[in-house]
Each structure stands twice: as structure tokens, then as C-alpha cells.
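Chain A is the first sequence line, chain B the second, and so forth, proteins listed ahead of strands; every chain is numbered from 1.
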2 protein chains.
Amino acid sequence: MEKTVIEVEQVAHVLKLLGDKTRLTMVGLLEGSECCVCEFVEVFQMSQPSISQHLRKLRDAGLVREKRKGQWIFYSINKQHIAYPLIQDLLKHMPDQKEKLEALEAEGLRIICD
Amino acid sequence: MEKTVIEVEQVAHVLKLLGDKTRLTMVGLLEGSECCVCEFVEVFQMSQPSISQHLRKLRDAGLVREKRKGQWIFYSINKQHIAYPLIQDLLKHMPDQKEKLEALEAEGLRIICD
DNA sequence: TCAATATATAATTATACACTAATATTTTTA
DNA sequence: TAAAAATATTAGTGTATAATTATATATTGA
């Protein structure tokens with residue numbers, strides 16, 4: 001297991017961001033695969049602006065990256081972030097979120113690119 | 001390493017509590033040893049009510065326990081809490097906080113009981 | 001080029017949060 | 001038993017946060 005030591009302030013900042021069910025689940029989903037905004041809207045059954053605002057917070061902190069693919073913007077986890085190993089450790093204590101994406105796929109709502 | 005899997009909501013709740021520099025440091029300190037309120041007041045240079053309110057949040061969540069020893073009330077980490085293994089993993093990514101207590105001790109402000 | 005789709009941003013509002021000031025409670029000690 | 005010390009609680013205040021609504025931007029496809 002990789003280990004990074006991060007200043008308390010920075011850890012607190014990351015934990016504050018992840019101390020929200022929506023954002024924490026987002027990160028759990030992104031650990032499994034890239035997702036676009038409309039997939040999050042489906043998974044969370046929340047409004048698109050609300051989803052975008054959550055993603056913006058994660059992006060502003062550098063925890064996720066965005067990449068446009070045609071009409072969609074895909075988000076991915078930033079494995080280069082100094083807190084990424086910490087986040088991985090966190091996620092080990094949570095149920096796997098991938099079933100949410102599988103449910104999407106079953107409904108034909110998963111966006112596949114490339 | 002012990003492993004516990006906790007529901008997303010519960011993890012988010014714990015992370016929200018620890019997403020505050022003061023409370024996160026408190027937990028880091030308590031992982032090393034019990035502390036009483038006046039020690040926290042010294043370490044954080046914050047008002048006593050503010051410290052008490054932070055401790056109350058941690059206590060309400062069951063993350064810490066309190067125990068009166070004479071005129072002092074000592075707080076300790078609750079190793080029985082379902083999120084304790086998660087917290088231990090978190091703390092591994094932070095600098096050790098014990099030097100703060102050593103500094104207190106050097107000033108003769110550490111409260112030793114028993 | 002126009003309509004539809006996907007996404008972002010801005011403004012607003014209601015709620016949550018952290019701190020301070022004031023006060024209450026408990027314990028020790030003189 | 002009265003005063004001091006340690007801690008908790010309550011009320012008030014300013015700020016942060018999350019959601020909604022409205023609007024703007026960018027891309028695709030007819």
C-alpha cells in the first residue's frame with residue numbers, strides 16, 4: 001500500500017469535501033470507472049445543476065479531472081492527487097458502488113464512448 | 001489491518017465531523033493518549049466553550065468517550081466504534097500529533113492522573 | 001444554420017455550522 | 001461552607017453550504 005503523509009489542514013479539507021453523501025459516492029463510483037454528468041444525474045436522481053456543483057467542488061480541489069468526449073464531459077478520479085492513497089483507504093471501508101453503474105447499464109442509460 | 005465496511009451515509013457523517021481541522025487534530029491527539037478539556041484549550045488556543053462543543057459533536061457520534069477524574073473530564077477515543085478502523089487508516093496519512101502534547105508537557109501544562 | 005442535448009454558471013433561499021458571551025453545574029480546596 | 005477551577009449548556013451572530021430556478025455555453029445532428 002502506498003502511503004502519503006499530508007498536512008492536517010489538507011486532510012481536513014478533503015474530508016470536508018467527502019463528508020457529503022453525494023460527493024463521497026461520486027468518488028466511489030469514479031474509483032471504478034469514468035462517468036459523465038448525465039450518469040450522475042440518473043444515479044443520484046438529483047438536478048443537473050446540483051450534480052455539476054458537487055463535481056465542481058471536487059474538481060476545484062483537484063480530486064477529479066474532466067475531459068470532454070463529444071457532447072459529454074467525463075469525470076475521472078485524479079490518481080496523481082496527494083490525497084489519492086488516503087481516498088483509496090477510505091473507500092476500502094465502504095460498500096462497492098459499482099452496482100449503481102451496473103443498474104444504469106441494465107437500463108441502457110450508461111454512456112459508452114471511444 | 002482490521003477492516004470494517006460501513007454504509008456510505010455513516011462514513012459521510014464521520015468524514016463530515018473530521019472535516020474540521022480542530023476535530024481532526026483532536027482525534028489524532030486522542031489516538032495517542034487521553035486528554036482533558038483544559039489540555040485541548042491549551043493546545044488549540046481556543047475558548048473552552050468552543051472546545052467543549054467540538055468534543056460534544058465527537059461524543060454525540062460515539063467517536064469519543066468521556067470519563068470524569070476528579071475535577072477533570074478526560075476524553076478518550078472509542079476503539080469500539082465501527083468507524084475506528086477507518087479513522088486509524090485516516091490518521092496514518094497525517095503527521096503524528098503527539099508532539100503537541102509533548103510541548104504541553106514541557107510547559108508543565110499536561111494533566112497527569114491516576 | 002437551427003433545434004436538441006449536455007453541461008456550467010449565477011442568483012436566491014433555507015439550513016447548517018463555528019464561534020462568542022453569558023450562565024449553570026460539578027468538584028476541589030481553603 | 002464559600003470560593004475557585006473545570007466543564008457544559010444556551011442563545012445569539014455571522015458565515016458557509018446545498019439545493020432550486022433561471023440562464024448561458026458548447027456540441028451534435030437534421
Side-chain angles (χ1 to χ4, degrees), chain A residues 8-9 12-27 29-30 34-61 63-76 104 108-114, chain B residues 8-9 12-27 29-30 34-61 63-76 104 108-114:
Chain A
V8 177
E9 260 132 1
H13 181 226
V14 169
L15 297 189
K16 171 175 275 188
L17 283 173
L18 301 186
D20 172 279
K21 191 191 172 191
T22 303
R23 288 190 296 264
L24 182 58
T25 308
M26 279 176 164
V27 169
L29 287 167
L30 293 176
E34 300 191 335
C35 296
C36 69
V37 179
C38 60
E39 290 174 321
F40 284 129
V41 170
E42 268 304 316
V43 166
F44 293 106
Q45 293 286 300
M46 286 173 68
S47 74
Q48 174 268 315
S50 189
I51 294 293
S52 278
Q53 282 159 12
H54 281 299
L55 286 168
R56 190 188 210 289
K57 291 194 181 198
L58 295 175
R59 180 165 52 83
D60 284 352
L63 295 177
V64 303
R65 298 222 175 282
E66 65 170 52
K67 172 173 51 179
R68 181 177 278 278
K69 288 188 186 175
Q71 62 190 313
W72 298 290
I73 293 180
F74 278 77
Y75 282 82
S76 59
L104 258 201
L109 295 173
R110 192 91 162 87
I111 310 288
I112 310 292
C113 260
D114 302 328
Chain B
V8 177
E9 259 133 1
H13 181 226
V14 169
L15 297 189
K16 171 175 275 187
L17 283 172
L18 300 186
D20 173 277
K21 190 191 173 189
T22 303
R23 288 191 296 266
L24 182 59
T25 307
M26 279 176 164
V27 169
L29 287 167
L30 293 175
E34 300 190 334
C35 295
C36 69
V37 179
C38 61
E39 290 173 321
F40 284 129
V41 170
E42 268 304 316
V43 167
F44 294 107
Q45 293 287 300
M46 286 173 69
S47 74
Q48 174 268 315
S50 188
I51 294 292
S52 278
Q53 283 159 10
H54 282 299
L55 286 168
R56 190 189 210 290
K57 292 196 178 197
L58 294 175
R59 180 165 52 82
D60 284 351
L63 295 177
V64 304
R65 298 221 174 283
E66 64 170 52
K67 172 173 53 179
R68 180 177 279 279
K69 288 187 185 177
Q71 62 191 311
W72 298 288
I73 294 181
F74 279 77
Y75 282 82
S76 58
L104 258 201
L109 295 173
R110 191 92 162 88
I111 310 289
I112 310 292
C113 261
D114 301 330

N or O in side chain of B:S50 less than 4.0 angstrom from C:dA18 OP1/OP2: no
Pairs flagged by salt bridge (Lys or Arg N to Asp or Glu O under 4.0 Å) wherever residues 12-21 of chain B is involved - sequence neighbours left out: A:E9-B:K21
Close side-chain approach of A:L18 and A:L58, heavy atoms under 4.5 Å: yes
Sugar-phosphate only, base, or nothing, as touched by B:E66 at under 4.0 Å among non-hydrogen atoms: sugar-phosphate
Minimum side-chain heavy-atom gap B:L55-B:V37 below 4.5 Å: yes
Contact state string [nucleotides 23-28 of chain C, B base, S sugar-phosphate only, - no protein heavy atom under 4.0 Å]: ----SS
Chain A contact limits on DNA chain D, taken 5' to 3' with a cut-off of 4.0 angstrom to heavy atoms: D:dT17 to D:dT28
Salt bridge (charged side-chain N to carboxylate O under 4.0 Å, His left out) partners of A:K67, counting only residues at least two apart: A:E34
Tell me which donor-acceptor pairs under 3.5 Å the side chains of residues 40-48 of chain A have, and how far apart each pair is, sequence neighbours excluded?
residue	atom	partner	partner atom	Å
A:Q45	NE2	A:E42	O	3.0
A:S47	OG	A:S50	N	3.3
A:Q48	NE2	A:S52	OG	3.1

Closest approach of A:C35 to A:L29 (non-hydrogen atoms, all atoms of both residues): SG-CB, 4.5 Å
Proximity to DNA chain C (any heavy atom under 4.0 Å), residues of residues 13-27 of chain B only: B:K16, B:D20, B:R23
Interatomic spacing from CG in B:L63 to CZ in B:R23 - rounded to 0.5 Å: 10.0 Å
Reported CD1-to-CH2 distance for the pair B:I111 and B:W72, which is rounded to 0.5 angstrom: 5.0 Å
Close approaches to DNA chain C from residues 51-61 of chain B, in residue order (heavy atom, under 4.0 Å): B:Q53, B:H54, B:K57
Qualifying residues under side-chain hydrogen bond (donor to acceptor under 3.5 Å, both in side chains), relative to B:H13, sequence neighbours excluded: none
Bracket notation of DNA chain D in which parentheses pair within the strand, [ ] cross earlier pairs, and | pairs with another strand (Watson-Crick or G-U, under 3.5 Å): ||||||||||||||||||||||||||||||
Short side-chain N/O contact to C:dA6 OP1/OP2 from A:Y75, under 4.0 Å: no
Partner residues of B:R110 under the salt bridge (charged side-chain N to carboxylate O under 4.0 Å, His left out) criterion, sequence neighbours left out: B:E39
Sugar-phosphate only, base, or nothing, as touched by B:F74 at under 4.0 Å among non-hydrogen atoms: nothing
Atom pair CG (B:L17) and CE (B:M26), whose distance is rounded to the nearest 0.5 Å: 12.0 Å
Partner set under side-chain hydrogen bond (donor to acceptor under 3.5 Å, both in side chains) for A:R65, not counting sequence neighbours: none
Partner set under side chain to side chain contact (heavy atoms under 4.5 Å, CB included) for A:R59, not counting sequence neighbours: A:R56, A:V64, A:E66, A:Y75
